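To start, the structure itself, in structure tokens.
All ligand and atom numbering here is 1-based and tracks the order in the structure. These numbers were taken from a predicted model, which means no experiment stands behind them.
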Amino acid sequence: MALEHFPGITQLQFESTRAASRDAKCRPTFRHYNPSELVESRSMRDQLRFAACYWHTMRNGLGDPFGGATAQTPWDDGTDSIANAQQRADAFFEFLTKCQIDRWCFHDRDLAPEGQSIAHSERNLDTIVAHVEQLQRSSGRRLLWGTANLFSHPRYMHGAATSPCVDVFLHATAQVRKALEVTHTLGGEGYVFWGGREGYDTLLNTDLARERDQMARFLHLAADHAQSIGFRGVLLIEPKPHEPTTHQYDSDSEATLNFLREFGLFGKFKLNIETNHATLAGHSMEHELAVATAAGALGSIDANMGTTGLGWDTDRFPTDVMLTTQIMLAVLNMGGLTQGGLNFDAKRRRASFEPIDLFYSHAAGMDAFAIGLKAAARIRADGRLHEFIRERYASWNSPMGEKIRSGQFTLAQCAHEATKLSTLVSPSGRQELLESIVNEILFATER
Ligand code: XLS
Ligand code: NI
Ligand code: NI
């Protein structure tokens with residue numbers, strides 16, 4: 001029997017609150033997430049496709065700009081040795097299994113230490129990937145997506161693909177080539193590009209047009225390579241407006257879709273939308289999801305949330321049930337997640353430093369999404385919101401509306417039609433009614 005890294009914690013199960021004893025109420029368990037329960041004819045497990053991320057779960061000591069690490073990690077000796085990296089992976093897969101999380105995500109440098117040369121780094125990664133392949137097999141866990149860390153090493157201080165130094169661009173291609181290949185080896189369902197430093201700190205030293213061209217070239221090269229190695233997973237771009245940059249080129253869904261279209265990349269990439277990035281951009285998550293789904297480009301979700309009033313990517317666990325309801329409504333309305341998933345790109349607060357807090361925090365997020373999924377399904381079954389939107393645009397289905405939509409009228413013809421109108425019908429938007437319907441459904445007392 002392999003060493004247990006989370007002794008005393010047994011696999012989390014769904015237990016309803018009513019049945020639970022007082023003791024059981026303090027154990028990490030699921031109160032709402034019931035993996036096998038069907039919602040809209042699919043199990044919650046299939047609808048939610050949860051993933052945990054390696055970086056926050058295993059590599060984040062919970063330090064902040066004002067103080068160091070607090071997280072207790074008894075499985076980690078703090079060294080950059082291969083043996084330590086393997087043991088960390090063991091602990092992670094034990095965590096995934098005990099927390100009933102089926103999928104995971106990683107950056108190349110989370111898994112294995114950077115070496116003295118590209119070849120050395122690649123050897124390190126290969127060693128850990130071979131180990132992780134076995135862990136995946138024995139635990140039945142799957143890789144949601146992989147990525148390359150192109151932002152931590154000092155060489156990337158000016159960006160990676162958008163660096164003013166061509167050598168840095170080359171280095172980044174080597175890292176992405178390898179990260180794509182190991183993602184493929186591990187059966188990854190996707191591969192993410194988050195351009196951490198692909199933006200500028202100041203325009204005083206920046207040729208913005210050139211940098212955007214470089215980024216597009218880089219993405220074309222990566223997409224071509226993915227295809228050449230037979231990688232069938234989805235390629236994803238994760239928008240974020242800033243932090244660490246002053247401005248990041250793929251700042252939000254609209255900007256990213258525009259970028260993809262401008263450079264002939266649309267259709268090759270989808271979007272990985274993160275809540276805290278949406279709010280940093282001054283949008284709601286709902287907005288970002290609506291924009292992505294309208295373009296048929298929602299690929300996956302980084303599930304977290306920010307802290308109201310704090311202008312950082314605080315990556316809190318998503319426990320706000322109104323947020324999870326809005327997310328799941330967007331997801332169900334687009335036909336559900338078939339690829340992609342809900343990746344907890346989230347970290348515990350610095351004071352939640354015990355290993356058991358990893359379970360409490362993920363379970364809190366999973367339960368919030370279970371509540372959101374069920375509420376979204378009720379909103380859809382209720383039908384009032386859907387019906388209201390349908391009605392609101394009904395005039396466009398009239399013969400006149402059809403003619404305009406299909407381009408049969410010129411502007412002058414439209415203007416002429418306007419002169420014939422006697423009354424103009426424009427009904428109320430009823431926003432407050434609709435908001436109260438959502439509350440009514442969300443917080444309905446049990447019937
Ligand atoms: C950082 C990003 C990052 C990506 C993966 O803000 O969210 O964690 O998800 O590189
Ligand atoms: Ni993210
Ligand atoms: Ni983020």
- [ ] May I ask you to determine how many protein N/O/S atoms are under 2.8 Å from the Ni ion (ligand 2)?
- [x]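 Under the 2.8 Å cut-off, the count stands at 4.
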Looking only at N/O atoms, are [X] and ligand 1 under 3.5 Å apart anywhere?
{"X": "N272", "answer": "no"}
{"X": "W194", "answer": "no"}
{"X": "H277", "answer": "yes"}

Task: For the Ni ion (ligand 3): the N/O/S atom of D313 at shortest distance - done: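 Atom name of the closest N, O or S in D313: OD2.
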TODO: Give the intermediate values and the outcome of side chain to side chain donor-acceptor pair (under 3.5 Å) for residues N304 and D345.
DONE: CA-CA 6 Å; N304 63 15; D345 191 353; 5.0 Å; no
Open item on the list: If we check salt bridge (Lys or Arg N to Asp or Glu O under 4.0 Å) with E189, which of these qualifies: K270, R232, R103?
Closed with: R103
Task: From K178, R155, R123, residue fulfilling salt bridge (Lys or Arg N to Asp or Glu O under 4.0 Å) relative to E114 - done: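 Of the listed options, the one satisfying the test is R155.
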Nearest protein heavy atom with distance in Å, relative to [atom]:
{"atom": "atom 8 (O) of ligand 1", "result": "D345 OD2, 3.0 Å"}
{"atom": "atom 2 (C) of ligand 1", "result": "E238 OE2, 3.3 Å"}
{"atom": "atom 5 (C) of ligand 1", "result": "H107 NE2, 3.3 Å"}

Open item on the list: Which of the numbered atoms in ligand 1 are under 4.0 angstrom from any heavy atom belonging to K240?
Closed with: 1 (C), 6 (O)
- [ ] Classify the side-chain pair D108/N149 by whether it contains a donor and acceptor separated by less than 3.5 Å.
- [x] no
Open item on the list: Would you say H225 and E181 are linked by a side-chain donor-acceptor pair, where the criterion is simply a distance under 3.5 Å?
Closed with: yes
Open item on the list: Once you restrict to heavy atoms under 4.0 Å, what part of E243 touches ligand 1? Side chain, backbone, both or neither.
Closed with: neither
Open item on the list: Test of understanding: given a 4.0 Å heavy-atom threshold, classify the contact between D302 and ligand 1 as side chain, backbone, both, or neither.
Closed with: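 Looking at D302 and ligand 1, just side chain atoms fall under 4.0 Å.
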Open item on the list: Set out, in order, the CA-CA distance, both residues' side-chain angles and the distance that settles side chain to side chain contact (heavy atoms under 4.5 Å, CB included) for N333 and T293, then state yes or no.
Closed with: CA-CA 9 Å; N333 283 343; T293 49; over 6 Å; no
Open item on the list: Does the Lys NZ or Arg CZ of R261 fall within the cation-pi geometry relative to F266 - under 6.0 Å from the ring centre and within 45° of the axis?
Closed with: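 Yes, R261 and F266 form such a contact.
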Task: side chain to side chain contact (heavy atoms under 4.5 Å, CB included) between I437 and F388, intermediate numbers included - done: CA-CA 11 Å; I437 290 175; F388 187 86; over 6 Å; no
TODO: Hey, could you give me the NE2/OG distance between H56 and S361, rounded to the nearest 0.5 Å?
DONE: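 Nearest 0.5 Å value for the NE2-OG distance: 11.0 Å.
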Open item on the list: Measuring only between side-chain heavy atoms, which start at C-beta, is H153 closer than 4.5 Å to R109?
Closed with: no
Open item on the list: Using salt bridge (charged side-chain N to carboxylate O under 4.0 Å, His left out), reason through E274 and K240 one step at a time and then give a plain yes or no.
Closed with: CA-CA 8 Å; E274 176 167 324; K240 182 173 181 176; 5.9 Å; no
